[in-house]
Participant: 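Pasting in a structure now, in structure tokens, and then I'll have a few things to ask.
All chains are named by letter (A, B, ...) in the order of the sequence lines, taking the proteins before the strands, and each is independently numbered beginning at 1. Quick note: numbers below take in every heavy atom, side chains included, and nothing from hydrogens, waters or symmetry partners. None of these values were measured; they are calculated from a predicted model.
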Protein chains: 2
Amino acid sequence: MTRPDRRPLRADAARNRELLLAAAADEFAERGIDASMADIARRAGVAKGTVFAHFATKEELIAAIVGDHFAALTAVARRLLDSADPGAALLEFLTVAAGGQRQHDLAFLQTVAEGDSEVSELRNEFHASIGSLVDRARDAGAVRADITGTDVLLLICAPVHAIGFLANPEPDLWRRYLAIIFDGLRPEGANPLPRPAPSWP
Amino acid sequence: MTRPDRRPLRADAARNRELLLAAAADEFAERGIDASMADIARRAGVAKGTVFAHFATKEELIAAIVGDHFAALTAVARRLLDSADPGAALLEFLTVAAGGQRQHDLAFLQTVAEGDSEVSELRNEFHASIGSLVDRARDAGAVRADITGTDVLLLICAPVHAIGFLANPEPDLWRRYLAIIFDGLRPEGANPLPRPAPSWP
DNA sequence: CCACAACATGACCTCTCGGTCAACTTGCTA
DNA sequence: TAGCAAGTTGACCGAGAGGTCATGTTGTGG
């Protein structure tokens, strides 16, 4: 996440910040939300106090990771808005989004970062960019008429989450469930949906 | 879970056991895996020591809950095997399974109960009964040919999990995502799947 | 109805966690 | 290159977790 603070970091501090974000992302991916700050510090090769010098609380660390992730996916979505095939673009987006997840990921971290206003901002942009992607796909007849951007947003994590029940899943297996779910989004053979799409949030 | 131990419980102990299982299920549903044994005891109206008198460890408590849940769903699946419409039976099963979940549920608890052999047994029966349900639906042409019982097992939690990202979802909203995913399981307009179905586990 | 085994209790243990801070080290600027 | 602000360190703290156990209470078979 681009730091909200304007003052530039010293070179070593900037390096440590990146090391910490990377280590934290790895640790959360492996151990889930219960990854400890001490383990993250060890993985980054810094002392525990340094973690708290950069991120005042665990929630703030998580917010930074989630914010980065949202920003990266928003960039992907916007790039795909220029694609000639809107249906393929949406599928490509979901593939990139799922591919970027690890065993555990945003799924649970996001709910922790709920309160952070910066993250909310990035999440709204993310939501909006998905909305555009879905609108284009719908107009092109690539997805059914009753699907919204919010629907797609909520289903992003489903493929990776599904294979989480397996002890040693093939790393690519989520593609199978993405394909199944994406088939459910297509207009061919679509049945009416029992409930209206939710508004955000 | 029907206790593996053969000796019958005293009346008060049996009552407390049920109170504890119910309280624990509620607490895990609300607070997730981090629900504390102390809170569970309080909710059940017993002392903390009583919890450990019934379940030696937190994992054992979780295993009991997960086992109960598997057994209940296995019973539902078996009952639906007699249904005249195999496609509707599978959808009904998924509806009951999703309806029985709360905000958080088996999704994460199952991975904790991984080691318990009793739970493994119940999970295998559960898996087998879903397999029969899916086989019948496939033979009737209600689901696509390349879908297995394991696929359905992995997707059971997806609808409820999807709405978990919303702060205050309508309690029935999961039905929408179940409908979408189930449409993805139908033969109409099915595209080839990129990866083969996983074996269990 | 009694006696004993089964059960319930809550104070207590240890361990780990997120978070703090005074003392120390180091990159940057003038 | 000197000096200082910026950054790092690791011992330390309180809270709360899972788990234990001596003691008190109670259901139940004879």
Side-chain angles (χ1 to χ4, degrees), chain A residues 3-25 27-28 30-66 104 108-109 111-116, chain B residues 3-24 27-28 30-66 104 108-109 111-113 115-116:
Chain A
R3 298 177 57 250
D5 202 316
R6 69 281 296 144
R7 209 179 57 262
L9 285 175
R10 231 168 63 177
D12 57 340
R15 206 184 102 255
N16 279 342
R17 189 171 206 278
E18 294 312 309
L19 285 173
L20 277 170
L21 284 171
E27 206 71 19
F28 283 129
E30 285 178 15
R31 303 231 200 277
I33 192 81
D34 290 327
S36 79
M37 297 295 265
D39 285 346
I40 290 169
R42 194 174 309 127
R43 189 164 192 145
V46 302
K48 198 175 151 189
T50 303
V51 187
F52 290 95
H54 284 274
F55 309 96
T57 65
K58 188 177 185 178
E59 288 190 12
E60 202 173 304
L61 210 202
I62 292 174
I65 294 174
V66 172
H104 300 91
F108 58 93
L109 294 179
T111 62
V112 175
E114 202 89 342
D116 189 294
Chain B
R3 300 177 57 250
D5 201 317
R6 69 284 292 145
R7 209 179 57 263
L9 286 174
R10 227 168 66 176
D12 56 341
R15 206 184 102 255
N16 280 342
R17 189 171 206 277
E18 294 311 309
L19 285 173
L20 278 170
L21 284 171
E27 206 70 21
F28 283 128
E30 284 178 15
R31 302 233 199 275
I33 191 80
D34 291 326
S36 79
M37 297 293 264
D39 284 346
I40 290 169
R42 194 173 310 126
R43 189 165 192 144
V46 302
K48 198 174 150 191
T50 304
V51 186
F52 290 95
H54 285 273
F55 309 96
T57 66
K58 188 176 183 178
E59 287 191 11
E60 202 172 304
L61 210 203
I62 291 174
I65 294 174
V66 172
H104 300 91
F108 58 93
L109 294 178
T111 62
V112 175
D116 190 293

Participant: Quick one: B:I40 CD1 to D:dG19 P, roughly how many Å, whole number?
Facilitator: 11 Å
Participant: Compare all side-chain heavy atoms of B:I62 with those of B:I33 and state whether any distance is below 4.5 angstrom.
Facilitator: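 Counting from C-beta outward, B:I62 and B:I33 do come under 4.5 Å.
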Participant: Return the minimal non-hydrogen interatomic distance between A:A35 and A:K58, and the atom names on each side.
Facilitator: O-NZ, 3.0 Å
Participant: Assign each of A:S36 and A:G49 to its nearest nucleotide of DNA chain C by heavy atoms, then name whichever residue's nucleotide is nearer the 5' end.
Facilitator: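 Per heavy-atom nearest nucleotide, the more 5' residue is A:S36.
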Participant: Check the phosphate of C:dG10 against B:K48, side-chain N and O only, distance under 4.0 Å to OP1 or OP2. Yes or no?
Facilitator: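 B:K48 to C:dG10 OP1/OP2: no side-chain N or O under 4.0 Å.
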Participant: Just checking B:D34: base, sugar-phosphate only, or nothing, at a heavy-atom cut-off of under 4.0 Å?
Facilitator: nothing
Participant: Quick one: are A:I40 and A:L61 in side-chain contact, heavy atoms under 4.5 Å?
Facilitator: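 SC-SC contact between A:I40 and A:L61 confirmed.
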Participant: Could you tell me the separation between the CD atom of B:E27 and the P atom of D:dA17, rounded to a whole number of Å?
Facilitator: 11 Å
Participant: Looking at C:dG27, D:dG27, C:dG18, which one has an atom nearest to any side-chain atom of A:A11?
Facilitator: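 The listed nucleotide nearest to A:A11's side chain is C:dG27.
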Participant: Classify the nucleic acid contact of B:A41 as base, sugar-phosphate or nothing, counting any heavy atom under 4.0 Å across all strands shown.
Facilitator: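 Since no nucleic acid heavy atom lies under 4.0 Å of B:A41, the category is nothing.
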Participant: Would you mind reading off the distance between B:K58 atom NZ and C:dT16 atom C1', rounded to a whole angstrom?
Facilitator: 14 Å
Participant: Salt-bridge test for B:R42 and B:D39: reply yes if a basic N is under 4.0 Å from a carboxylate O, no otherwise.
Facilitator: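 A salt bridge links B:R42 with B:D39.
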Participant: Over how many whole Å does the gap from B:L9 atom CG to D:dT28 atom C1' extend?
Facilitator: 14 Å
Participant: Can you tell me how far C1' of C:dT25 sits from CG of A:N16, to the nearest Å?
Facilitator: 13 Å
Participant: Reading DNA chain D from 5' onward, which residue's closest nucleotide shows up sooner: B:R10 or B:D39?
Facilitator: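 Per heavy-atom nearest nucleotide, the more 5' residue is B:D39.
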Participant: What is the distance from CD of A:E60 to P of C:dT20, rounded to the nearest Å?
Facilitator: 11 Å
Participant: Ignoring hydrogens, what is the shortest heavy-atom contact between B:T50 and B:L20? Give both atom names and the distance.
Facilitator: O-CD1, 4.1 Å
Participant: On the nucleotide D:dG7, are OP1 or OP2 found under 4.0 Å from the side-chain N or O atoms that A:H54 carries?
Facilitator: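 No, because none of the side-chain N or O atoms of A:H54 sits under 4.0 Å from OP1 or OP2 of D:dG7.
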Participant: What's the closest nucleotide to the side chain of B:A47 if the choices are C:dT9, D:dT8, D:dG18?
Facilitator: C:dT9
Participant: Provide, to the nearest angstrom, the distance between the CZ atom belonging to B:R15 and the P atom belonging to D:dT26.
Facilitator: 13 Å
Participant: Kindly point out which of D:dG19, C:dC7, C:dG19 is positioned nearest to the side chain of B:F52?
Facilitator: D:dG19
Participant: Let me spell it out: for each of B:T50 and A:A53, pick the nucleotide of DNA chain D with the closest heavy atom. Which residue's pick is nearer the 5' end?
Facilitator: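 In this pair, the answer is A:A53.
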Participant: Return the value, rounded to whole Å, for the distance between atom CZ of A:R42 and atom C1' of C:dC17.
Facilitator: 13 Å
